[in-house]
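Have a look at the structure below before the remarks.
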2 protein chains.
Amino acid sequence: MEIKVAIFEDNKKLRESLKELINTAGMVCTGAFPDAANLIRNITFSMPDVVLMDIHMPGISGIEAVQIIKEKFPAVRILMQTVFEDDDKIFAAICAGASGYMLKKTTPQKMLEAVEETYQGGAAMSPSVAGKVLQMFRSQSSIAKHEFIQLSEREKEILGLLVNGKSYKAIAAACFISADTVSTHVRHIYEKLHVHSKSEAVAKAIKQKLV
Amino acid sequence: MEIKVAIFEDNKKLRESLKELINTAGMVCTGAFPDAANLIRNITFSMPDVVLMDIHMPGISGIEAVQIIKEKFPAVRILMQTVFEDDDKIFAAICAGASGYMLKKTTPQKMLEAVEETYQGGAAMSPSVAGKVLQMFRSQSSIAKHEFIQLSEREKEILGLLVNGKSYKAIAAACFISADTVSTHVRHIYEKLHVHSKSEAVAKAIKQKLV
DNA sequence: AGTAAAATCACCAATTCAGGTGATTGTCGG
DNA sequence: CCGACAATCACCTGAATTGGTGATTTTACT
């Protein structure tokens with residue numbers, strides 16, 4: 001089925017060409033609006049899968065619009081579109097629930113790909129925006145330096161259950177294996193984490209976000 | 001000038017085709033290695049602008065390699081390449097200093113674009129990976145509701161030692177009290193936290209920031 | 001085809017833990 | 001002064017944990 005796209009963009013020329021672009025690419029533009037007035041009604045009527053949202057609009061800003069849309073229509077995926085690449089705007093857009101963030105200088109071809117990817121559940125970002133996100137991400141989590149710890153799937157599963165306070169016996173039951181096997185896995189986990197007790201393992205798992 | 005690319009990839013076939021791809025796209029592959037042995041030497045000789053790094057390699061893992069490269073050659077930009085899209089691997093790679101993270105199922109064309117974007121200072125990410133990053137990003141800014149837990153000074157002290165993985169005996173020694181007293185305190189802590197094991201207490205202590 | 005890692009199970013010893021009971025201080029506020 | 005509570009210690013029992021050795025099977029990669 002065709003991807004239904006709604007456009008919010010105050011520049012008329014750009015709005016029209018985006019509409020044109022969408023419609024000639026096997027998708028369908030079910031609405032193109034110059035601002036976020038009557039937002040709920042416009043979304044309800046156009047029933048979009050993906051919203052292309054300009055950050056800078058008269059009246060309600062694109063970021064506020066994202067918050068409102070995400071609250072009322074959580075399933076709708078939103079691709080921000082803007083000329084700005086300030087950290088705070090990017091941050092605000094992501095926290096508001098945007099699924100992607102493209103710069104307007106992006107080529108039409110890439111923009112279409114981005115809409116497609118957004119529809120399919122991915123996050124489309126212009127590389128420079130993505131770079132800023134990684135930067136922010138690192139600065140937020142620079143509290144503990146992360147050793148790289150390679151646990152097998154099973155080990156991660158068991159570590160998760162350990163963190164939840166399960167005993168070997170309970171883990172054995174949950175994983176359909178014997179308590180002896182749990183013990184073996186736990187021993188391997190301890191070796192990889194360089195710890196010698198459950199509490200150390202649990203503490204490390206949480207601090208290093210292994211679970 | 002041509003972009004110089006070094007490849008780390010344990011699978012020989014893939015390594016050769018990547019090399020081929022790079023060389024036929026106006027870039028130059030200055031090195032292709034099956035593992036991270038002699039990492040420093042190989043980087044020094046190949047002088048790459050961009051490193052294509054497989055996460056899963058025998059010996060030193062790709063993530064450890066990233067840490068080492070970033071430490072010795074901060075200017076080198078690294079594009080991770082892997083079949084895995086586990087949160088923890090992505091997280092570790094980003095924190096280690098990777099500039100991008102592409103899935104191996106990515107088309108050769110997109111892979112070349114990614115190398116190009118990486119070289120130009122952007123961050124190339126497969127959309128599904130980018131989605132996970134946004135997810136992690138949002139979840140980091142969320143705050144856990146905290147119950148009202150009133151621990152005595154001594155209890156907080158002992159809980160802290162528990163979180164650090166100390167045994168009752170070690171705690172007894174550290175606090176100059178008997179192991180039996182530690183046991184009593186721990187019992188009281190469990191009651192106040194509504195838990196029944198060391199691991200649960202440790203997990204709760206960390207999540208509620210009691211320590 | 002052959003090696004390496006992961007996952008599985010078993011047996012075993014020594015230690016640790018969880019929770020029950022009971023008791024002695026010291027401190028604080030009413 | 002008394003009751004409540006924190007802090008201290010002791011003894012006990014059954015269950016859980018840690019860590020060692022050894023082995024089989026499956027899966028993945030070379």
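Predicted model, so just to flag it, every value in this text is computed and none were measured. Quick note on labels: first sequence line is chain A, next is B, and so on, each numbered from 1.
The pair B:R15-B:D54 does not meet the salt-bridge criterion, since no charged nitrogen lies less than 4.0 angstrom from a carboxylate oxygen.
Remark: A:K105 NZ to A:K110 NZ distance equals 13.5 Å, nearest 0.5 Å. Atoms CD1 and NZ, on B:I171 and B:K169 in that order, are 13.0 Å from each other to the nearest 0.5 Å.
Between B:V51 and the options B:L79, B:I43, B:V5, B:V66, a side-chain contact (heavy atoms from CB on, under 4.5 Å) holds for only B:I43.
Going from atom CD1 of A:I189 over to atom P of D:dT18 covers 11 Å, rounded to whole Å. Regarding B:I171, its CD1 atom lies at a distance of 13 Å from the P atom of D:dT8, rounded to whole Å. Remark: P of C:dA4 and CG of B:D35 are 15 Å apart, rounded to the nearest angstrom. Summarising the geometry, the separation between CD1 on A:I158 and C1' on C:dC9 is reported as 13 Å, rounded to the nearest angstrom. A straight line from NE2 of A:H196 to C1' of D:dG20 spans 15 Å, rounded to a whole angstrom. To the nearest angstrom, P of D:dA7 lies 7 Å from NZ of B:K192. When the C1' atom of D:dA28 is taken as reference, atom NE2 of B:H56 falls 8 Å away, rounded to whole Å. Between the C1' atom of C:dA5 and the CD atom of A:Q150 lies a distance of 11 Å, rounded to the nearest Å.
OP1 or OP2 of D:dT18 has at least one side-chain nitrogen or oxygen of A:Y190 nearer than 4.0 Å. Listed pair B:H188 / D:dA6 fails the phosphate criterion, with no side-chain N or O lying under 4.0 Å from OP1 or OP2. Contact annotation: A:K169 reaches the phosphate of D:dA16 (side-chain N/O to OP1 or OP2, under 4.0 Å). Applying the 4.0 Å criterion to OP1 and OP2 of D:dA6, one finds that B:H185 has every side-chain N and O outside that range.
In this model, no donor atom of one side chain and acceptor atom of the other lie less than 3.5 Å apart for B:S61 and A:Q150.
Between B:F91 and A:F137, the angle of the ring planes goes over 60°, which puts this pair in the perpendicular group of the 30/60° scheme.
Residue B:V195 is the one, among B:V195 and B:T184, whose nearest nucleotide of DNA chain C lies closer to the 5' end (criterion: closest heavy atom).
Of the candidates D:dT18, C:dT8, D:dA7, the closest approach to any side-chain atom of B:S152 belongs to D:dA7. Each of D:dG19, D:dA7, D:dT8 was ranked by its minimum atom distance to the side chain of B:E155; first place goes to D:dA7. Checked against D:dA7, C:dT8, D:dC29, the side chain of B:D10 finds its nearest nucleotide in D:dC29. With D:dT18, D:dA6, C:dC17 as the candidates, the nucleotide lying closest to the side chain of B:K198 is C:dC17.
Using a 4.0 Å heavy-atom cutoff across all strands shown, B:S197 reaches sugar-phosphate atoms only and no base atom.
Listed for the A:S126 side chain is no donor-acceptor partner under 3.5 Å among the backbone atoms of A:V129.
Atom CD of B:E16 sits in a crowded spot, with more than 12 heavy atoms from other residues, nucleotides or ligands closer than 6.0 Å.
Less than 4.0 Å separates DNA chain C from at least one heavy atom of each of the following residues of residues 174-183 of chain A: A:I177, A:S178, A:D180, A:T181.
With hydrogens and angles left out, the side chain of B:R187 and the base of C:dT21 share a donor-acceptor pair within 3.5 Å.
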